[in-house]
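Keep in mind the model is a prediction, meaning the values are calculated, not measured. So that the names make sense, note that chain A is the first sequence line, chain B the second, and so on, each numbered from 1.
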Amino acid sequence: MGAVTFDEVTKKFGDVVAVDRFSVRIEDGEFMVLLGPSGCGKSTALRMIAGLEEVSGGILSIGERVVNNVAARDRDIAMVFQSYALYPHMTVAKNIESPLAANRKVRLPAAERATRVAEAAEILGLTDYLGRKPGELSGGQRQRVALARAIVRRPEVFLMDEPLSNLDAKLRTQTRLELVDLHRRLGTTFVYVTHDQVEAMTMADRIVVINEGRIQQVGAPQAVYESPANLFVATFIGSPPMNLISGKVSASAGGSVEVTTDAGTVTSTCSASLSKGADVVVGIRPEHLSLSETTSSGKGLRAKVENIELLGHERHVICSAAGSKIVFRQANDAAPVALGQEVTLDAEPDGTHLFDPTSTQRLN
Amino acid sequence: MSDIPTTSTEATAGSPDAPAMPVPLGKGVRRFGRRLSDSALAYLLLLPSLIVFGVFAYYPLYRLFWYATHHQSRFRNRPATYVGFSQIRDTLTGTDFKDGLLHSGLFMVYTVPLGLILGILLAVSAHRRLKGIKIFQTIFSSTVASSVAVASVVFLTLVNAEIGYFRDVSWLSLKNPTSALFAVSLSAVWQNLGLTFIVVLAALQTVPDELIEAATLDGYGAIRRFFKITVPTISPALLFLAIVLVVFALQAYAQIEILTGGGPSGGTETLLFKIADPSGVRSLGEKASLSLGLFVLTAVVAGAQFGIMSKRVHYGD
Ligand SMILES: Nc1ncnc2c1ncn2[C@@H]1O[C@H](COP(=O)(O)OP(=O)(O)OP(=O)(O)O)[C@@H](O)[C@H]1O
Ligand SMILES: [Mg+2]
C-alpha cells in the first residue's frame, strides 16, 4: 500500500549532496513530517518521492514497488505545492478535476469525474466556489483548492511542501487542525515538509529531523522533544531553545552523573557510566530549571537575571551564568525576580541531557 | 407607495436638531470643490499624452480625411477641389484597392501564423534544451538587431537568379508574381523571428516551474501539457505577438521595395506599398483614400483579434 521506504537514498546536484544516504520507512497511513532548516534537503527528499527529481543512489519504494525509474505520473501520489500551483486559466472545478482528466489513457467517465469533484469540494467547503478562477479566491481558499485537487485522485501518498507558509498566522493554526482531521478521515500516508517545528509537533505521527542532507533523528514528536539524539535536534526543537553549558563529569554512579560547570554543579539521570573528567555538554530545557529554595546546598547553577520576557501566561527569565546564556520559565503567579538579581537554579535530573562535545551525540 | 416618505418629511425627520442642516450642504460644496480639483489634476496629467496624440495622431487623421475628400491634381500648382466622398468611394471600390487588399491579406496569411509557429518552436526548444546557453538565444534573436534593409539584401543575395544559393527554388523566385509575394513574406517571417522568439522565450520563463510540475503529476503528457497549461499561461504574449505581426504585415514596406519594388507586374504591391507609391502613379487624394481603407482594415483586424482571443486569453491574477 502507501508506505514509502528510503533505503540509503542519495541525491546529488553536481557536487552538492542535497540528500545524503537517507534510510527511513514511512508507514502506510502515517503522518510523517520532514523537519529541518532551510536548505537541509527536505524538499528534495519529497520531490524524489514525487518523481520530480531523479534518485542519484539507493532505492526508493512506494508500497512494495521500487520507483527509482517510475515516471511521476505513474506513481499514484498527489502533491500540494507551496505556491499551490493552481492553473490560473481554469475554474476551481476544472482545477480539481485535472488529475482525473489529464491522462487520456486512464481517464474516468465524465459523470464519475463530476461526482468525485463534487465530493472533494464538499469535504473542503469549496462547493460555492467551483465556478470561480483561482485569481478570484483568497489565499486560504486557493490552498483548499490545492488540497481538493490532491484528494480527488485518492492517491496512495500525499506529499505537501510547506503548504501553510503563505497563510496568515490565524489561518495557519486553523488549517493545521483541518489537515490533521483530513488525515484521520482519509487514512492515507501524508508526507509533509516544513521548517516550522510547531507544525511538526502538532501534526506529526512521527518526525524526521534533517540537517545538511542527513537524517538526525526519527521519532514521535514527544520522543524527539524529550530525548533529542544530538545537539542539533536538541537546539532545533523547542522554543525558547534548550540551554547548553559545557562541563566535566565529576561523578558517575548508580544511574546518575554529576557534572561540574563553571556556573555550578548539576545532576543528570544517566544509565551509561561516564569516565570522570570527561568533557560533556549539558542541555537543559527552560521548563526544567527552577529557582532553588535552599541556597546553601552548593548544588545548582548560579546566574544573574538580565532580562525578563512577559508572555501573559508565563515569564521567560534570561540570565547569564559564567558566560553562557540561560533561560528558564516561570509561571505567572510565581514570585517575581528582579533584574540584576543573583539566583541559583535547580535542574531536574530527568530533564538534564548530556551530549558528547565532539560527536554531538546524546550520552544519556 | 404611501410608505415612501416625501423629501420634506425625510429632511425634517433626518435632522431633528437645527444645525444639522447646513453641515451636509457645506460637505457637498467641499466635495464638489474636491471633484473639480481632482478632474483638473486629471486633465493636467493627461495633457502630455493629449498633445502627443493631437500632434501625431488626431491632426494627421484629420488631414488624411481632408485629402481624401479633395481632388488633388497631380500637378501641384492647381488648387484642390472638394469632391465629398466620391473619391473615397471610387478608390475603395476600384481594382487597385482590391489588389492591394488581396496582397496585404496574403502577406498577413503567409507571415503571421508561420512567424508565430516558428517563433514558438524555436523558443520552446531554446527554453528546454538550451536553458542558460546564452549564445543560442543571441543567435536566434540576432534578426532583432539587424535592420530590415540589411536582412532584405541578405535575402536578395540568397535568391539571386545567377549566384543565389536558392536560385533554383521555384517557389522562392522573385520573377513570378505568385511566388514573389510568398518569397517576400518568407523574408519578413525571418526578419520578425527574432522578436517572436524573444517574446515567447521571455513568456515561457515566467511560467512557474511548480505549475508545470503540478501538471506532470496530474498526468498530462508533454504535448498535452504544453497546449493545456503552457499555451494558456503565455497567451497574453501570444496575443501581443499576433497583433504586432498583423500590424507588421500591414505595414511592410522596406523588404518589398528592396526585393521586388512592387513587381513583378504589381504582384507584390500591398496596400501600404500602393499608398507609399514610390513611382508616383497615384494622386494625393487617391492615396489618402487608400490610407483610410488601410486604417479601417487595421482597426477591424486588431479589434477582431482582441474579440476572439480575449475570451481565450488569460491575464493572470
Ligand atoms: N535543482 C537544483 N540544482 C542544484 N542544487 C539544488 C537544486 N535543488 C536544490 N538544490 C540544493 O540542494 C539543497 C537542498 O535543497 P532543498 O530545496 O531540498 O532545501 P529545503 O530543505 O527544501 O529548503 P527550504 O526550506 O529553503 O525550502 C540546497 O543546498 C539547494 O541549494
Ligand atoms: Mg523547500
Report which part of [X] has an atom under 4.5 Å of a heavy atom belonging to chain B: side chain, backbone, both, or neither.
X: A:L100; answer: neither
X: A:A150; answer: neither
X: A:R47; answer: side chain

field: B:F295 atom CZ, neighbour heavy-atom count above 12 within 6.0 Å
entry: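 Counting other residues, nucleotides and ligands, CZ of B:F295 stays at 12 neighbours or fewer.
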query: Considering residues, nucleotides and ligands other than A:E212, do more than 12 of their heavy atoms fall under 6.0 Å from its CD?
result: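 No, CD of A:E212 has 12 or fewer neighbouring heavy atoms, counting only those of other groups under 6.0 Å.
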message: What's the separation between atom CD in A:Q82 and atom OG in A:S43, rounded to the nearest 0.5 Å?
response: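 Separation between the atoms: 7.5 Å.
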- prompt: If you tally heavy-atom pairs under 4.5 Å against chain A, which of B:R225, B:R224, B:K228 wins?
  reply: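 Sorted descending by pairs with chain A, the first entry is B:R224.
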- request: For each of A:A72, A:S98, A:A101, tally heavy-atom pairs with chain B at distances under 4.5 Å, and name the one with the top tally.
  value: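 So the answer, after comparing A:A72, A:S98, A:A101, is A:S98.
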query: Is it the case that B:D218 and A:Y87 place a side-chain donor and acceptor less than 3.5 Å from each other?
result: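 Their side chains do contain a donor-acceptor pair, which is all the 3.5 Å distance test asks for.
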Check: A:F6 and A:I49 side chains under 4.5 Å, non-hydrogen atoms: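 Result yes, sub-4.5 Å side-chain heavy-atom pair found.
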